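Quick notes on the structure that follows.
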Amino acid sequence: MRYHKRRIIILRSKLINKWVFVPTVGLFLMATLVLMVGGKGLQAPLSGLLNWINLKLGWLYLGIYIVNFVFLIGLAFSHYGKIKIGKPNDKPMYSGFKWGAMVFATAIDASIMMLSITDPLTFIQHPAAPLHAYSKGAYTAAVAYGQFNWGPMAWMMFAPAAILIGYLMYRKGQPVQKLSDGIAMLDGKAPLKKFLSGLVNFLVVVGIIGGVGSSIGMEVPITAKAFSSATGVKYGLPLELGLFAILFVLFAMTVFKGLNGGIDRLSQAHIWLAIGFLVLILAVGPTRYIIVNQAKSLGVFVQKFIPIATNTTPSVTQQDTIFYWGWWLSYMPVMGLFIAKISRGRTIRQLLFGMLLYGFTGCALFYAVMGGYALWLQQNGVINLVHILNTQGQAATIATVIGTLPMKQIMTLLYCASCFIFLATTISGSAYILSSFTSTPLNNREPSRFNRMTWVVVFMIFAFSLVLVGGFNVIQTISVIAGFPLIGVVVIVLISIYRLVRRDSELVFSPSETDMSLDELPATVERKSAIRGKLILSPRNLAND
């Protein structure tokens with residue numbers, strides 16, 4: 001019996017890439033210890049660090065998103081957009097809705113259900129110039145700015161890794177289980193290339209844990225507060241610990257199931273529950289106000305898209321955008337690999353436009369309905385949500401908003417259930433992909449459950465340390481820091497895609513010569529040095545000879 005147990009442990013250890021796994025786990029255990037010891041005393045220094053990053057490096061975050069967005073939109077509309085992620089005859093692995101549900105549910109955790117309420121309330125206090133606080137224009141633009149931060153530029157940040165990895169896996173048959181495997185310039189056994197490859201993987205893992213840990217650290221206290229208001233259970237650390245335990249069990253079950261039968265089913269349940277919740281709010285809330293406000297917000301969104309994207313002037317709204325850009329960057333590798341794994345048979349254009357359709361539309365609906373409802377409560381004097389947000393924080397504000405709905409207890413419990421499923425889907429998908437990044441070559445096998453569960457544990461303890469520190473600025477700082485090193489990774493990935501497009505003949509699908517008439521074949525010449533007299537020989541002349 002002991003022999004078998006020892007053999008299992010040895011087998012598991014062989015499946016783990018210790019050069020990435022051990023340093024990363026060690027780094028975050030140290031960070032967790034620092035956060036737990038420092039506690040709330042770290043809020044001020046971390047907030048100061050966030051302000052410094054926004055002031056000195058904000059342009060860098062904005063710049064990489066602009067470059068990435070322009071490159072990918074150009075790729076989608078070019079003839080390269082017709083390239084299939086897979087062989088020419090491959091069909092999509094999942095239906096459109098199921099694929100979109102998995103992409104949306106895995107990328108968007110419970111944060112959308114929370115920040116879509118509080119972001120507009122923050123904006124009306126500190127609107128972008130030349131708007132004035134609490135003006136009619138500020139109320140109209142509040143939803144639009146939130147939709148920008150969860151909009152097309154954000155969703156396109158997942159696409160580079162998805163395109164690169166998906167093409168290499170399914171078109172070329174090249175095994176790719178981590179981002180560095182798809183970067184040609186890092187191939188080889190040279191010491192420098194091996195070091196850079198390991199560095200890229202290390203930075204990717206750091207970004208993922210930072211982003212995911214921030215999500216859990218923000219969402220558990222808010223969910224606990226909402227649950228407390230619905231059930232009367234005392235809000236505090238014991239309740240938050242209980243929620244952490246429930247989340248751990250939910251994550252473990254989904255991670256053990258794997259990609260099929262676990263994450264895919266959870267994603268669909270997640271989408272239908274979210275749709276049902278939004279429909280209920282729209283039905284029982286100020287329906288006309290929400291629809292009219294959204295129509296005006298879309299106008300502001302289109303009109304202000306470029307000014308917002310290029311705004312480098314430090315402000316509250318610009319700081320929010322930098323926070324989101326860091327957060328989306330931290331999720332880029334894990335979502336890229338996840339989307340690649342479920343996108344076989346789709347073209348690059350279908351992948352890009354599908355992400356925009358399902359991703360942006362879903363996020364826009366949350367801001368339109370939940371953000372619009374919160375603004376209506378504030379604008380009509382039903383509840384002073386701004387005062388609650390400034391004095392009691394996000395958790396109390398969200399619990400108050402949900403508490404204004406009919407059937408308060410049922411709606412609050414439904415909200416909590418939606419948040420849990422949102423969060424479980426994202427964390428389970430992240431743990432699954434992260435275990436691939438830190439495994440030895442899997443050869444079409446799934447990562448070991450031991451590896452997957454290790455990352456779930458790391459997520460949980462790091463997030464718990466963030467809860468102990470508290471404060472939304474702390475969450476923002478961790479997200480911005482986690483995303484920073486991935487700016488360079490995005491540049492490398494875009495260069496890799498460009499090289500494939502320009503140099504790899506397999507990347508461009510064109511009719512074969514057997515499908516073309518002789519008149520349609522291009523004029524060719526084999527050796528310029530052999531040309532005498534006529535410079536070009538046509539295919540028909542060659543055929544006649």
Side-chain angles (χ1 to χ4, degrees), residues 25 28-40 42-43 105-106 108-115 208-257 262-263 266 270 327 330 393-396 398-399 412-432 434-435 449-472 474-475 478-479 482:
V25 171
F28 276 91
L29 289 178
M30 289 177 60
T32 298
L33 181 62
V34 170
L35 291 169
M36 286 185 173
V37 172
K40 295 187 181 299
L42 293 175
Q43 287 185 7
T106 306
I108 303 300
D109 53 33
S111 309
I112 188 67
M113 299 190 69
M114 300 170 181
L115 296 175
I208 293 171
I209 300 177
V212 173
S214 298
S215 297
I216 305 173
M218 178 185 68
E219 292 154 19
V220 167
I222 293 175
T223 306
K225 184 68 176 180
F227 183 81
S228 174
S229 67
T231 61
V233 176
K234 185 179 179 180
Y235 173 71
L237 189 59
L239 178 57
E240 291 174 345
L241 282 172
L243 293 184
F244 267 106
I246 296 172
L247 280 173
F248 179 78
V249 173
L250 194 56
F251 296 162
M253 292 171 59
T254 310
V255 167
F256 262 61
K257 283 283 187 179
I263 297 173
L266 196 62
H270 159 288
W327 201 1
S330 69
Q394 289 177 320
I398 293 167
T412 303
L413 291 175
L414 180 60
Y415 175 83
C416 293
S418 299
C419 289
F420 259 65
I421 296 179
F422 259 95
L423 192 55
T425 309
T426 301
I427 306 310
S428 301
S430 299
Y432 180 88
L434 197 54
S435 59
R449 287 175 174 171
F450 174 80
N451 193 349
R452 283 180 267 167
M453 286 306 302
T454 298
W455 290 116
V456 171
V457 173
V458 172
F459 288 157
M460 301 300 284
I461 61 173
F462 181 65
F464 182 68
S465 69
L466 292 177
V467 170
L468 292 180
V469 177
F472 186 55
V474 173
I475 300 297
I478 297 298
S479 296

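Note that the structure is a prediction, hence the values are computed from the model and not measured.
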Here the gap from Ile478 atom CD1 to Ser465 atom OG, rounded to the nearest 0.5 Å, amounts to 8.0 Å
Sub-4.5 Å side-chain heavy-atom contact between Leu466 and Val474 = yes
Non-hydrogen atoms of Met113 and Tyr415 that approach each other most closely = O-OH, 3.1 Å
Measure the spacing between CG of Leu115 and CD1 of Ile222 and express it to the nearest 0.5 Å.
-> 7.0 Å
Could you tell me which residues satisfy ring-ring contact (aromatic ring centres under 6.0 Å, His included) with Phe227, sequence neighbours excluded, listed by chain and number?
-> none
Sequence neighbours left out, what passes side chain to side chain contact (heavy atoms under 4.5 Å, CB included) with Ser330? Give chain and number order.
-> Trp327, Ala482
For the residue pair Leu243 and Thr223, what are the closest heavy atoms and their distance?
-> CD1-C, 4.1 Å
Check side chain to side chain contact (heavy atoms under 4.5 Å, CB included) between Val467 and all other residues, then give those that pass, not counting sequence neighbours.
-> Pro221, Glu240, Phe244
Compare all side-chain heavy atoms of Thr412 with those of Thr231 and state whether any distance is below 4.5 angstrom.
-> no
For Gly210 and Phe462 the tightest heavy-atom approach is CA-CE2, 4.3 Å
Between Glu219 and Met114, is any pair of side-chain heavy atoms under 4.5 Å apart?
-> yes
What pairs with Ser228 under side chain to side chain contact (heavy atoms under 4.5 Å, CB included), at least two apart in sequence or on another chain?
-> Tyr235, Leu239
Nearest heavy-atom pair of Ile216 and Met460: which atoms, and what distance?
-> CD1-SD, 4.4 Å
What pairs with Ser479 under side-chain hydrogen bond (donor to acceptor under 3.5 Å, both in side chains), at least two apart in sequence or on another chain?
-> Ser214
Note: Ser215 and Ser111 closest approach over all heavy atoms is OG-OG, 4.3 Å
